[in-house]
Amino acid sequence: VQLVQSGAEVKEAGESLKISCQGSGYSFTNYWIAWVRQMPGKGLEWMGIVYPGDSVTYYGPSFQGQVTISADKSINTAYLQWNSLKASDTAIYYCARSGYCRTTSCVTYSRFDPWGQGTLVTVSS
Amino acid sequence: DIQMTQSPSTLSASVGDRVTITCRASQSISSWLAWYQQKPGKAPKVLIYDASSLESGVPSRFSGSGSGTEFTLTISSLQPDDFATYYCQQYKSYYTFGQGTKLEIK
């Protein structure tokens with residue numbers, strides 16, 4: 001089971017960006033994928049989650065309207081995108097597997113395991 | 001929103017010490033709590049889930065306890081590999097992380 005994220009990005013303020021997280025070794029469709037931000041020298045902040053099976057998405061209150069989370073189950077990939085980056089978006093972004101759905105039940109919220117290796121996004125002003 | 005408060009923010013200890021990190025939730029989260037370890041330049045790794053269940057492959061010197069609003073992570077005998085930053089996380093309603101505890105060598 002692993003999540004592999006896209007590589008580091010260097011962008012200018014105002015540009016758009018979409019980073020990815022590809023899962024393998026498990027049924028990608030049946031597990032929620034979470035995104036987590038870590039600003040330089042700071043702690044972990046939950047951004048949102050997506051269920052690849054039907055693309056249902058929930059956002060953390062600080063990130064609603066600021067980013068878009070999506071998934072393409074045909075290629076086992078989740079995405080995090082920005083329409084207009086700001087210098088304050090400079091951070092490492094992690095994806096992680098979380099809850100799951102089985103035939104008769106769903107667990108939406110669960111521990112994060114495994115995590116992707118992280119994608120460093122640097123935005124210059 | 002559920003807030004998570006960890007203490008202390010920094011902890012200095014020596015190899016062999018027993019250490020405890022505390023996490024408090026702003027409202028009851030039952031046992032829906034996980035603990036993570038993060039080393040510099042690496043992704044976090046889960047140690048404990050459901051407040052007291054040890055993740056597979058994690059050394060038994062790590063243990064978690066608590067329910068409701070008060071939780072603790074205990075390392076029974078610190079090893080050199082344990083110096084890192086630790087985070088608690090609630091998953092009762094959406095997700096919230098504590099602000100982290102940096103465990104330093106004394």
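Chain naming here is simple, since letters A, B, ... match the order of the sequence lines and numbering starts at 1 in each.
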Q) Quick one: do B:D81 and B:K39 make a salt bridge, cutoff under 4.0 Å? A) yes
Q. Is a side-chain donor-acceptor pair under 3.5 Å present for A:Q22 with A:Q5?
A. no
Q. Going by distance alone, is a donor N or O of one side chain under 3.5 Å from an acceptor N or O of the other, for B:Y91 and B:D50?
A. yes
Q) Non-hydrogen atoms of chain B under 4.5 Å away: do they reach the side chain of A:Q38, the backbone, both or neither? A) side chain
(Q) With a 6.0 Å cut-off on the ring centroids, do A:F63 and A:W35 count as close? (A) no
Q. Mind checking whether B:W35 and B:Y87 have ring centres under 6.0 Å apart?
A. no
Q. Regarding B:T72 and B:S65, is there a side-chain donor-to-acceptor distance under 3.5 Å anywhere?
A. yes
Q) Are B:Q89 and A:L44 side-chain neighbours, meaning at least one heavy-atom pair lies under 4.5 Å? A) no
Q | Portion of B:A43 that has a non-hydrogen atom of chain A nearer than 4.5 angstrom | A | both
Q: For B:Y95 and B:Q90, test the side chains for any donor-to-acceptor distance below 3.5 angstrom and give the result as yes or no.
A: no
(Q) Can you tell me which portion of A:F112 sits under 4.5 Å from chain B's heavy atoms? Options are side chain, backbone, both or neither. (A) both
Q | Sorted by number, residues from residues 54-64 of chain B in contact with chain A (heavy atoms, under 4.5 Å) | A | B:E55
Q. Checking A:I92 against chain B: side chain, backbone, both or neither under 4.5 Å from a heavy atom?
A. neither
